[in-house]
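Structure first, then comments.
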Amino acid sequence: IIDIISVAIVVLVCFFVLKLVHKIIIKFFNRNKKKINRNAAKLETLIKVFYSTVRVIIIFIAITIILDIFGINTSSLIATAGIGGIAIALGAQTLIADFVKGIFIIFDDKLRVGEWVVCSGVEGTVEEVNLRITKIRDYNGSLHIIPNSNITNVQNYNRGAQRSEAYFCVSNDTKLEDVKAMVERVSQEIKKIPKYKKAFIEDLKFYEINEFKDFSYTVRVTSLVKAGMQWEISRKVRELIKVEMEKRKIKSALVEYEENEEI
């Protein structure tokens with residue numbers, strides 16, 4: 001009974017120590033926001049990594065104490081584990097590579113929790129970064145668990161200004177001047193929307209005629225926007241282009257093609 005009570009006390013102490021350590025880590029990083037650019041995503045990533053590491057150490061200590069309570073010689077067990085650990089390490093080079101690469105990923109600040117990235121052939125939102133694996137959830141909701149040693153190149157869509165672009169077709173009889181006037185109008189309209197008022201670094205503008213088809217040509221418009229806003233603004237631009245085309249009675253490729261078919 002005394003042993004059971006002692007184990008219960010160790011478990012409770014371990015639980016409260018973990019809670020306390022978690023609060024201390026959060027408080028420490030919040031105090032040092034300036035040193036890590038006050039980025040919430042980076043803070044969350046570092047907090048998770050440090051807490052995970054400390055948690056493993058505390059739990060290991062708790063298990064060692066519990067084994068001592070039951071009369072198991074932990075000194076010889078740790079020594080044996082140390083020798084076995086060397087043997088395991090020799091056969092677990094990939095695992096070691098994961099840990100080493102994880103350290104560089106975190107301290108090089110390649111990616112953070114909440115960012116949209118492409119790495120190891122996976123595109124999605126970073127959900128977790130620790131010393132061994134990185135978890136990314138793609139657009140369809142699938143969770144990809146990637147060993148850190150497999151991450152060689154990272155394309156990050158949340159760092160710095162991003163290029164937002166949209167494509168649309170107009171019939172060949174549409175004057176280019178009319179297209180440019182329409183794009184200019186859409187550029188003015190989207191900036192009137194409160195949500196996007198401060199999102200633009202460079203205004204929406206006509207960029208090029210991207211392609212010629214039998215009965216139409218494709219127009220590409222671009223703008224430079226704040227990180228993370230590029231896709232949403234592209235969708236909104238397409239909506240506003242469609243509305244403006246209807247107002248100006250500008251025909252699209254499909255309408256023009258159908259009319260020629262009837263003739």
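The figures that follow rest on heavy atoms only: side chains count, while hydrogens, waters and symmetry mates do not. Only a predicted model underlies this, so the values are computations on that prediction, with no experimental measurement involved. Just so you know, residue 1 is the first one in the sequence shown, and it goes up from there.
Annotation: side chain of I193 is in contact with side chain of K236 (closest heavy-atom distance under 4.5 Å). Using a 4.5 Å cut-off on side-chain heavy atoms (C-beta onward), N148 and F99 make no contact. In this structure, M182 and I250 have side chains that are in contact, with non-hydrogen atoms separated by less than 4.5 Å. Between Y207 and V183 the shortest side-chain heavy-atom distance does not fall below 4.5 Å. E232 places a side-chain heavy atom less than 4.5 Å from the side chain of K195. Using a 4.5 Å heavy-atom cutoff, the side chains of Y196 and V225 are not in contact.
Each salt bridge (charged side-chain N to carboxylate O under 4.0 Å, His left out) pair with one or both residues in residues 49-63, not counting sequence neighbours, would appear here, but there are none. The ring pair (Phe, Tyr, Trp, His ring centres under 6.0 Å) contacts involving residues 221-249 comprise W116-W231, Y157-W231, where partners must be two or more places apart or lie in separate chains. The side chain to side chain donor-acceptor pair (under 3.5 Å) contacts involving residues 11-24 comprise nothing, where partners must be two or more places apart or lie in separate chains.
With sequence neighbours excluded, the residues forming a salt bridge (Lys or Arg N to Asp or Glu O under 4.0 Å) with R159 are D109, E115, listed by chain and number. Partners of E211 according to the salt bridge (Lys or Arg N to Asp or Glu O under 4.0 Å) rule, which considers only residues two or more places apart in sequence or in another chain, do not exist here. Applying the salt bridge (Lys or Arg N to Asp or Glu O under 4.0 Å) test to K110 and every residue at least two apart in sequence or in another chain returns nothing. The salt bridge (Lys or Arg N to Asp or Glu O under 4.0 Å) test applied to K205 returns no partner, not counting sequence neighbours. When the side chain to side chain contact (heavy atoms under 4.5 Å, CB included) test is applied to K180, the partners found at least two apart in sequence or on another chain are L176, F206. Under the side-chain hydrogen bond (donor to acceptor under 3.5 Å, both in side chains) criterion, Q230 pairs with no residue, sequence neighbours left out. With sequence neighbours excluded, the residues that form a side chain to side chain contact (heavy atoms under 4.5 Å, CB included) with I9 are I5, V13. Remark: N210 engages Y167, E208, T218, R220 in a side chain to side chain contact (heavy atoms under 4.5 Å, CB included) (not counting sequence neighbours).
Put simply, CG on D203 and CD on Q188 are 9.0 Å apart, with the number rounded to the nearest 0.5 Å. Atom CD of E239 sits about 14.0 Å away from atom CD of E244, to the nearest 0.5 Å. Atoms CZ and NE2, from R137 and H144 in turn, are 9.0 Å apart once rounded to the nearest 0.5 Å. The CG atom of N130 sits 14.0 Å away from atom OH of Y51, with the distance rounded to the nearest 0.5 Å.
Under 4.0 Å is where a charged nitrogen must lie from a carboxylate oxygen, and between R163 and E202 at least one such pair does. No salt bridge links E127 with K135; every basic N to acidic carboxylate O contact stays at or beyond 4.0 Å. Under 4.0 Å is where a charged nitrogen must lie from a carboxylate oxygen, and between E246 and K242 at least one such pair does.
With D98 contributing its side chain and S149 its backbone, the two residues share a donor-acceptor pair below 3.5 Å. A distance-only check finds a donor-acceptor pair linking the side chain of K101 to the backbone of I151 [under 3.5 Å]. In this structure a side-chain-to-backbone donor-acceptor pair under 3.5 Å is missing from S223 to L204.
Considering I66, T64, I63, D68 in turn, I66 is the only one that fulfils the side-chain contact (heavy atoms from CB on, under 4.5 Å) rule with V10. For the side-chain contact (heavy atoms from CB on, under 4.5 Å) with I145, the qualifying choice from T134, I136, I133 is I133, the only one to do so. With respect to C119, the side-chain contact (heavy atoms from CB on, under 4.5 Å) criterion is satisfied by exactly one of V126, I146, N153: I146.
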Is there a side chain to side chain contact (heavy atoms under 4.5 Å, CB included) between K198 and K226? Walk through the geometry before answering. CA-CA 9 Å; K198 296 182 179 180; K226 291 182 179 179; 4.3 Å; yes
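S171 and D173 form a side-chain donor-acceptor contact under 3.5 Å, judged by distance and modelled atom types alone.
Within 6.0 Å of OH on Y217 lie more than 12 heavy atoms contributed by other residues, nucleotides or ligands. Other residues, nucleotides and ligands place more than 12 heavy atoms under 6.0 Å from the CZ atom of R248.
Two different hydrophobic clusters hold L224 and I190 under the rule that ILVMFWY side chains link at heavy-atom gaps under 4.5 Å.
V243 belongs to no multi-residue hydrophobic cluster, having no ILVMFWY side-chain contact under 4.5 Å with any other such residue.
M245 and C169 make their closest contact through CE-O, 3.6 Å (heavy atoms, listed as atom of the first residue, atom of the second, distance).
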